[in-house]
Amino acid sequence: MRMTFSVAVAGATGYAGGELLRVLLAHPEARIGALTAHSNVGDTLGWHHPHLLPLADQTLLDTTAENLAGHDVIALALPHGASGAIAAELAAASPGSVLIDLGADHRLESAEDWDEFYGGEYQGAWTYGMPELLIGSSKQRENLPGVTRIAVPGCNVTAVTLALAPGIAAGVIDPADLVAVLANGLSGAGKGTKPHLMASEILGAASPYSVAGVHRHIPEIKQNLRKAGGADVTISFTPTLVPMSRGILATCTARLTPGTTDSQVRDAWQQAYDGEPFVHLLPEGQWPSTAMTLGANTALIQVAVDEAAGRVVAICAIDNLVKGTAGAAVQSLNLALGLPETMGLTTIGVAP
């Protein structure tokens, strides 16, 4: 099925908005419409994203429902807490549009989790945009066709969920004893000027942040792993900023279920992702790196058993701006619109 659709992007000058535009420019059915910003109204997009040459001369509008309305698709690449209000206005101003939120406002199904980790008014959950998410014997992609509201997952959440969900679904790991340590590219922290993100601070350094159970992605990870079958999910989650612009390498470990063999562990991941266009289990002995995924909508995974520790090690690499954000948005949007899931998306990375 071919269906040309128009897309407006709110928050077009940020990293997420810019990456979404880059991906959409390669989509054969997408037509870019209004681009909006907040403090950069009146600028041309080229001042902020000079690499997006086809859109460089397009003028940025104010982020209002009036400017965004009338498009087939409206993407909200806004800071946390900002999507809810504009989405409510768009429900009236543009009732026929598909809204897709690249922020956190509509990811969590629990108002209590939102209040604890984000605060402010809870906006309710939209259909979750991770097609590969295991839900019992099915996957989340079955829930995406025809929807008009999509919540794009958090980038860290994507890496950890894809790394661990197969083991939980198959019952080969203990969901109550999970550990995830991540190496994160700086673009995941956004474009805001912050002292700890300056080159003089980050070059030559690795720095943990949001340590000891306070990171906002934790409740979303637990939400996903419960859907995969984890009745009692406990995870120690530690992200670390490293001096690279993009990419996430998530090293996850879990206690092996007693009596489980090495072959059963690998079979769990192999069966979970067999036939998936964007999630790949690498050949035994080959470990993922972020360099393998740059610019691509791929998640590369390896899994092995640490016999001495009695733990499973699952490592997942993604590009946080593609599979972790913009690529996931377009992949889910394709399903919502009845287009081929892979349309406009590449599995070809940039190396070296």
Side-chain angles (χ1 to χ4, degrees), residues 130-140 153 155-184 217 220-222 224-240 247-293 296-320 323-324 328 347 349:
M130 186 185 292
E132 304 91 352
L133 176 62
L134 295 164
I135 306 175
S137 59
S138 64
K139 291 184 178 179
Q140 178 65 7
C155 54
N156 295 313
V157 178
T158 297
V160 175
T161 298
L162 294 177
L164 290 173
I168 290 174
V172 299
I173 61 174
D174 180 1
D177 185 7
L178 307 175
V179 177
V181 178
L182 284 68
N184 304 73
H217 285 171
E220 189 183 345
I221 293 169
K222 294 172 71 174
N224 289 350
L225 297 183
R226 285 194 296 267
K227 289 182 181 296
D232 181 20
V233 178
T234 302
I235 185 166
S236 173
F237 173 85
T238 307
T240 304
I248 294 174
L249 186 70
T251 301
C252 307
T253 73
R255 186 163 297 282
L256 186 67
T257 301
T260 300
T261 65
D262 290 13
S263 62
Q264 288 174 322
V265 169
R266 186 165 183 84
D267 285 349
W269 272 260
Q270 189 72 62
Q271 291 175 20
Y273 297 132
D274 182 43
E276 284 291 345
F278 299 115
V279 183
H280 298 273
L281 181 65
L282 294 173
E284 289 189 68
Q286 183 180 23
W287 292 93
S289 76
T290 56
M292 298 174 179
T293 66
N297 192 51
T298 49
L300 301 182
I301 297 172
Q302 186 57 276
V303 62
V305 175
D306 183 339
E307 297 284 359
R311 299 185 72 84
V312 172
V313 180
I315 298 182
C316 176
I318 64 170
D319 184 324
N320 60 295
K323 184 55 178 164
T347 57

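Along the sequence shown, residues carry numbers from 1.
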Roughly how far, to the nearest 0.5 Å, is [atom2] of [Y] from [atom1] of [X]?
{"X": "Q264", "Y": "D267", "atom1": "CD", "atom2": "CG", "result": "7.5 Å"}
{"X": "I235", "Y": "D177", "atom1": "CD1", "atom2": "CG", "result": "10.5 Å"}
{"X": "H280", "Y": "M292", "atom1": "NE2", "atom2": "CE", "result": "13.0 Å"}
{"X": "Q140", "Y": "K227", "atom1": "CD", "atom2": "NZ", "result": "7.0 Å"}
{"X": "L300", "Y": "K323", "atom1": "CG", "atom2": "NZ", "result": "11.5 Å"}
{"X": "R255", "Y": "D306", "atom1": "CZ", "atom2": "CG", "result": "10.5 Å"}

Quick one: are [X] and [Y] in side-chain contact, heavy atoms under 4.5 Å?
{"X": "F278", "Y": "L162", "result": "no"}
{"X": "C155", "Y": "I248", "result": "yes"}
{"X": "P288", "Y": "L282", "result": "yes"}

If you take all heavy atoms of [X] and [Y], which pair is closest and at what distance?
{"X": "G167", "Y": "W269", "answer": "CA-CH2, 3.4 Å"}
{"X": "S289", "Y": "L249", "answer": "CA-CD1, 4.3 Å"}
{"X": "A159", "Y": "C316", "answer": "O-CB, 3.5 Å"}
{"X": "I168", "Y": "G230", "answer": "CG2-N, 3.3 Å"}
{"X": "I318", "Y": "A299", "answer": "CG2-CB, 3.6 Å"}
{"X": "D174", "Y": "A254", "answer": "O-CB, 4.4 Å"}

Donor-acceptor check, side chain of [X] to backbone of [Y], threshold 3.5 angstrom: yes or no?
{"X": "S236", "Y": "V179", "value": "no"}
{"X": "Q302", "Y": "I315", "value": "no"}
{"X": "T257", "Y": "I173", "value": "yes"}
{"X": "Y273", "Y": "P166", "value": "no"}

Go through the steps to decide whether T161 and E132 satisfy the test side chain to side chain contact (heavy atoms under 4.5 Å, CB included), and finish with yes or no. CA-CA 10 Å; T161 298; E132 304 91 352; over 6 Å; no
Mind running side chain to side chain contact (heavy atoms under 4.5 Å, CB included) on V312 and V172 for me, showing each step along the way? CA-CA 9 Å; V312 172; V172 299; 5.5 Å; no
Could you go step by step and tell me if F237 and L182 meet the side chain to side chain contact (heavy atoms under 4.5 Å, CB included) rule? CA-CA 8 Å; F237 173 85; L182 284 68; 3.6 Å; yes
Check whether the side chains of N184 and N320 place a donor and an acceptor atom closer than 3.5 Å, and report yes or no.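 Side-chain D/A pair, N184 to N320: absent.
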As a quick check of understanding, evaluate side chain to side chain contact (heavy atoms under 4.5 Å, CB included) for L281 and R266, giving each step before the final call. CA-CA 9 Å; L281 181 65; R266 186 165 183 84; 3.8 Å; yes
